[in-house]
Amino acid sequence: MPNCDIPGNLILKVAVPVPLDRLFDYLPPLGVNVTELQAGVRVLVPFGKRQQVGILLAVADNSSVRMDKLKPAIAVLDTQPLLADTDIQLLRWASRYYHHPIGEVLAAAFPVALRQGRPALLQRQPCFGLSPQGRLVAPEQLRRAPKQQALLALLQATGSAMTAAALSAYKPALKALLDKGLVTAHESVPGGGLAVTKSVLPANPDQQAAIDAVIANLGRFAVSLLEGVTGSGKTEVYMQIIAEVLAQGKQVLVLLPEISLTPQLEQRFLKRFAVNLVSTHSKLTDNQRLQAWLSMQQGHAAIMLGTRSALFTPLPRPGLIILDEEHDSSFKQQEGFRFSARDVAIARAKGLGIPVLLGSATPSLESMANVAQHRYQLLHLPNRAGNATAPSFQLLDIRNKRMQAGLSEPLLAEIHETLAKKQQALIFLNRRGYAPVQICHGCGWVSRCRRCDANLVIHAADRLLRCHHCGSEQPLPKQCPACKTGELQALGLGTERIERTLASLFPDKVVIRLDRDTTQRKGSLEQYLEQIHDGGVDIILGTQMLAKGHHFPGVTLVAILDIDSGLFSIDYHGSERLAQLIVQVAGRAGRADQPGKVVLQTRHPQHPLLETLLSKGYRAFAQSALQERRQAGLPPFGHQALLRVQAGKAEEPQQFLQAVCQKISELNPGKVQVLGPVTAPMARRAGLFRYQLLLQSPQRKELHHLLDNLLPAIYALKEAKKVRWSLDVDPVDLY
DNA sequence: AGCACGCCGACT
DNA sequence: GTCGGCGTGCTC
């Protein structure tokens, strides 16, 4: 009955950023020539009682909505599409693949300012960069960059000789390039010209092979995995490939897992490349992010450096996508539109017909499997650059050993020895706070969170008990809240406690703690890193963040205090993460003249994971872990989707998942396995009861076919209205 | 997700 | 008599 043709009327099909997986139809705004409207422009539309900025996806001559329900759009906000058709197709594909509403998926491709309807206006003003000398330079100096680029192209085209005329036209650009070491001037040639060549920058044979392999792929789709140990010179490989892409006049997108790594790489790139470079991350203002996005979208910038959300930046001259530290789980968005930036980057490159370069010292098991199946090309950098030797590992069996606050005596001896040689020690413990729980020795009371299935962590410096899951906190009790008489004790270890122990054991040494609590203040991490590099620190202690990217050349001893929790994780990703963590943390140590030593404290020295990893290396570990995954039918050999639910009363998620299971059985899922419903590993969090249902199939197609039919049914369930639910396709975290 | 409407308890 | 609690329903 609905489908009504409206002769002579054209209908706008608009994606609106609301959690409803459909398009909304509008009449064109008054006075707008509909035939000139293109998909990819923003439109301001009335939506219920409010206004929304939507994206026009199509103009049609019919609507399935009754004519009297159609409202005219308020305004068209752009004269040109902000997204290219290939990117709209990519986003529509991602919406289907992740089963996430199209309007929200499209919104994720835009910087906040554009989502709010601000004009897509590129300003020239707020761009600053670093000069080769590391000084902040103003816009005029940066504006020279296109000339430098043109000069490089000229040299490429004409060989080496520059005429006197070209020399005078490009004098400042040439000087800049000489300063950067990108060109070498040889001698004067007759007529007042100059012989200039592009410098051959140093690359060892492995690096050169990797560079050549990726350059050979330019202009077509291919995925390369650059497996390079820490210090093997991955960045140099990236830069030489980027130089070639830039010489071809194309753009490069570089994705990184963490904002703390962006400035480092940005400085190296700015020193090297004579082109406009922009970077984007969450510490920038909305307008700064808008400007970075627009300068890429309008082709002014040639390189964009950014985190996950930068993936969708429009590229009018796409050349290459690089995704560094590809194993890092922060490439998976963990809320809302739960996409994998790695997987979507590959889909995007395929659509654009360009190569993707994935880099890691510890590639994900998925990528290793793709190499084995010849879907990805493996490029290997097995050696550390500059003769640096790989660190040696030592498993320290701490069973029945005397410990001082988590530090065994042999480890303390190692630390003493290292400090005596004026070298630095790095100590890793992935638990912040003073102690993970407080307990009453008299009555057994424990510091439990009232809203979560978790303990309150002692934060001694703040004199607080704090929940790491919901953030609630209370003053540190001085007497037992239950029996009032028993002695309160701190149970277990956190970085804060280790810090105190180290300070008392090494009173004349400088100990620095790096965790979320000490680096919350903006710029404090950078300050600490500088202090460490200047050598004013003897012991570096910290969590996760030590494992990522930063190199500490003065460190020769690395200790991981507790690896056992990773050995027996409930999530099957645990062993992969532990192996990556061990190799990554180990990579922080050692330099050319001083090989590093890595000490792992464990009560399970015979654990097969450790034996394989330490005696045969990461690749052998990955192979055996993949073998286990294959036997268990787990990813990447099986495919998963996780339905999570939470609500204020325990019955509501239960009833919801029961109804979902009923629907699944009606839809006859074939080979799709249904695991659950079960309570989530943390059954209650922030006062909400949490449950989940895992769907798994050996065939991706079958799983997605089921989801295609199941999702509309879930939206229609009356039980769905009482809960908060979300679907996670290819989950990397089963919590 | 917002934002309405709508029908039952404690306040000026 | 109203203010406001959050259940249910809709958004072209």
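Residue numbers begin at 1 in each chain, while the letters A, B, ... track the order of the sequences.
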query = Can you tell me if A:Ser569 and A:Arg577 form a side-chain donor-acceptor pair at under 3.5 Å?
reply =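 There is no such pair between these side chains.
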query = Tell me, which pairs form a salt bridge (charged side-chain N to carboxylate O under 4.0 Å, His left out) where one or both residues lie in residues 14-25 of chain A, sequence neighbours left out?
reply =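 Listed by first then second residue: A:Lys13-A:Asp25.
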message = For residues 44-58 of chain A, which residue pairs pass the salt bridge (charged side-chain N to carboxylate O under 4.0 Å, His left out) check, not counting sequence neighbours?
response =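 Pairs touching residues 44-58 of chain A that pass the test: none.
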key: Qualifying side-chain hydrogen bond (donor to acceptor under 3.5 Å, both in side chains) pairs, either residue in residues 711-724 of chain A, two or more places apart   =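 Residue pairs with at least one partner in residues 711-724 of chain A: there are none.
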inquiry  = Show every side-chain hydrogen bond (donor to acceptor under 3.5 Å, both in side chains) that has at least one partner inside residues 67-77 of chain A, sequence neighbours left out.
reply    =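 Applying side-chain hydrogen bond (donor to acceptor under 3.5 Å, both in side chains) to every pair that reaches into residues 67-77 of chain A, excluding sequence neighbours, yields A:Arg66-A:Asp68.
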ask   = Below 4.5 Å, heavy atoms only, C-beta onward: do A:Val59 and A:Leu12 meet side chain to side chain?
value =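 Of all side-chain heavy-atom pairs linking A:Leu12 with A:Val59, at least one is under 4.5 Å.
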Atom pairs under 3.5 Å: protein N/O with N/O of nucleotides 3-5 of chain C:
none

Rounded off to whole Å, could you give me the [atom1]-to-[atom2] distance for the [X] and [N] pair?
| X | N | atom1 | atom2 | answer |
| --- | --- | --- | --- | --- |
| A:Asp25 | C:dC12 | CG | P | 11 Å |
| A:Arg66 | C:dC12 | CZ | P | 13 Å |
| A:Arg22 | C:dT11 | CZ | P | 8 Å |
| A:Gln52 | C:dT11 | CD | C1' | 10 Å |
| A:Ile74 | C:dC12 | CD1 | P | 10 Å |
| A:Leu717 | C:dT8 | CG | P | 14 Å |
| A:Glu652 | C:dG7 | CD | P | 9 Å |
| A:Lys71 | C:dC12 | NZ | P | 4 Å |

task = Please list, in 5' to 3' order, the outermost nucleotides of DNA chain B lying under 4.0 Å from any heavy atom of chain A.
result =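 The contact span of chain A on DNA chain B goes from B:dA1 to B:dC3.
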request  = Using a heavy-atom cut-off of under 4.0 Å over every strand shown, decide if A:Lys13 touches base, sugar-phosphate, or nothing.
outcome  =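 Nothing, no nucleic acid heavy atom in range.
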message = By the 4.0 Å heavy-atom rule, please label A:Leu12 as base, sugar-phosphate, or nothing.
response =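 If one applies the 4.0 Å heavy-atom cut-off, A:Leu12 turns out to touch nothing in the nucleic acid.
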task = Report the residues that fulfil ring-ring contact (aromatic ring centres under 6.0 Å, His included) with A:His281, sequence neighbours left out, ordered by chain and then residue number.
result =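 ring-ring contact (aromatic ring centres under 6.0 Å, His included) list for A:His281, sorted by chain: empty.
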task = Sequence neighbours left out, what passes ring-ring contact (aromatic ring centres under 6.0 Å, His included) with A:His459? Give chain and number order.
result =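 Applying ring-ring contact (aromatic ring centres under 6.0 Å, His included) to A:His459 gives A:His468.
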ask   = What residues in residues 36-51 of chain A put a non-hydrogen atom under 4.0 Å from any atom of DNA chain C?
value =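 A:Pro46, A:Phe47, A:Gly48, in order of number.
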message = If the condition is salt bridge (charged side-chain N to carboxylate O under 4.0 Å, His left out), which residues does A:Asp78 pass it with, not counting sequence neighbours?
response =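 Salt bridge (charged side-chain N to carboxylate O under 4.0 Å, His left out) check on A:Asp78 returns A:Arg42.
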task = Check side-chain contact (heavy atoms from CB on, under 4.5 Å) between A:Val278 and all other residues, then give those that pass, not counting sequence neighbours.
result =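 Only A:Ala292, A:Ser295, A:Met296, A:Ala301, A:Met304 meet the side-chain contact (heavy atoms from CB on, under 4.5 Å) criterion with A:Val278.
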request  = Not counting sequence neighbours, which residues clear side-chain contact (heavy atoms from CB on, under 4.5 Å) with A:Pro318? List them please.
outcome  =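 With sequence neighbours excluded, A:Pro318 shows a side-chain contact (heavy atoms from CB on, under 4.5 Å) to A:Leu315, A:Leu352, A:Ile354, given in chain and number order.
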